Amino acid sequence: MPPDPAADAAARARHERLVAADHRHLWHPFTQMQEWMAEEPVIIDSGEGVHLVDTLGNRYLDGVSSLWCNVHGHRVPEIDRAVADQLGRIAHTTMLGLASTASIECAEELIRIVPPGLTRVFFSDAGATAAEIALKIAYQHFQLRGDLERKEFVAIRGGYHGDTIGSVSVGGIDLFHRIFKPLLFPVRHAPQPYCYRCPLGQALPGCAMACADEVEKVFQAHPGRVAALVLEPLVQGADGMIVQPPGYLRRMREICDRHGALLVCDEVATGFGRTGTMFAVEQEGVRPDILTVAKGLSGGYLPLAATITTEEIFASFLGPFESRKTFFHGHTFTGNPLACAAATASMRLLRDRGVMAGMPGKERALADALAPLEAHPHVGEIRRRGLMVGIELVRNRATKDEYAFELRAGHRVTLEARRRGAILRPLGNVVVLMPPLAMTQEDLRELVRITRESIEAATGSI
Ligand code: PLP
């Protein structure tokens, strides 16, 4: 298109008005607002496929799937149509005392793809609420069965399950969670399976997964008291894409079985194809007792989450009205029809487009593109499972010496990436790539090219 100075000036004026209003009124999540207000933000105005478009007309690859949730890209005709059709009927109705077409169809679709044996869907609207619900269900399940001492939870250091008080209690990221400690209920945390910086100072294969033994020791120290082990299967996302050693998840399942506890798997980040299988637990043949999903459930379109349980757990809550066995929990927007319609359309697309069949090719393309970066002097480790990638930046590769917190090494990479046409969001010194499943092999190579150049530029200047 020929340049249009008048349109550019109008776009710039609109952008500046929005920046001023953002700086005046908004409080962004996980953001030091003092720094934010000193910088000019990118304001996303629209999206198209795997690209985001800002108020000045710049296009960016959506390198982190709009915070790990977008699956098929943006403005997908089938999902747009499903939401529009639903809007033509009703935007919201409650699940408290009423049923709705959209929530029923969505639950049916979901049960078709989760591991067999998971049969009951409790909807909510965020990963954090899905975790809260899992904790409360696990606790109440044992109370109702008369196993009254089973009221403790075990979790893994470095875990992340959301930001409400219950989900923070089972979380284990010091930077985010330490300040709230006095507000949390006690949870027994076991060491993290972080092989690059093993907290036990050991290494595979010689350690024979000593970190898994540590989890079991927690159970042994509290016999008959653990209601559930809560973890992110295969990859701890928010702590920097910590990929678990093969067999770890299966060991967790065995420990829970030996000690009569429930296994709660949080697939809010890993679910819906992200790790190369529809759900991460499939890769180790594990069926959790409770599965939580959110983010990609609605294709990343609308807030929707689900806590999915076995029939056995569900049965604990059955009884006459006066038994008071009811699960007294719910949210106003539980099972919102618009979100459910988007989710149903997204899950149908996963199936109809054969999305999972294309994953091995995409994984290979991503792995091949990343390979040359392994040798970079400021890359300590590249962790990848499926399309989830963490590139850990280090000051010194030989000593694994970290960049100081205040240097914001990861953030610098994302600023460089913006200039080159990709949106990334780091986790401390870990550069995260979490592309939508819809990215082509070509898109993935382009994303890695931008990431590599951005890492070179950022680490070259600190
Ligand atoms: N669980 C996991 C594994 C996550 O990665 C996240 C978010 O990143 C959450 C839970 C929280 O989800 P939400 O932000 O929707 O509350």
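In what follows, every heavy atom counts, from backbone to side chain, and hydrogens, waters and symmetry copies are set aside. For clarity, every value in this text was computed on a predicted model and none was experimentally measured. Read the numbers this way: they start at 1 and go in the same order the structure lists the ligands and their atoms.
Listed by first and then second residue, the side chain to side chain donor-acceptor pair (under 3.5 Å) pairs involving residues 167-187 are Thr164-Ser167 (not counting sequence neighbours).
Using cut-offs of 30° and 60° on the angle between ring planes, the pair His331 and His329 is perpendicular.
Around ligand 1, the residues contributing at least one heavy atom under 4.0 Å from the ligand are Trp68, Ala126, Gly127, Ala128, Tyr160, His161, Gly162, Glu232, Asp266, Val268, Ala269, Lys295.
Closest non-hydrogen pair, Leu444 versus Pro435, comes out as CD2-CG, 3.5 Å.
Partners of Tyr248 by ring pair (Phe, Tyr, Trp, His ring centres under 6.0 Å), not counting sequence neighbours: none found. Listed by chain and residue number, nothing satisfies the salt bridge (Lys or Arg N to Asp or Glu O under 4.0 Å) test with Glu374 (two or more places apart in sequence, or in another chain).
The cationic atom of Lys400 (NZ for Lys, CZ for Arg) lies less than 6.0 Å from the six-membered ring centre of Tyr196 and within 45° of the ring axis.
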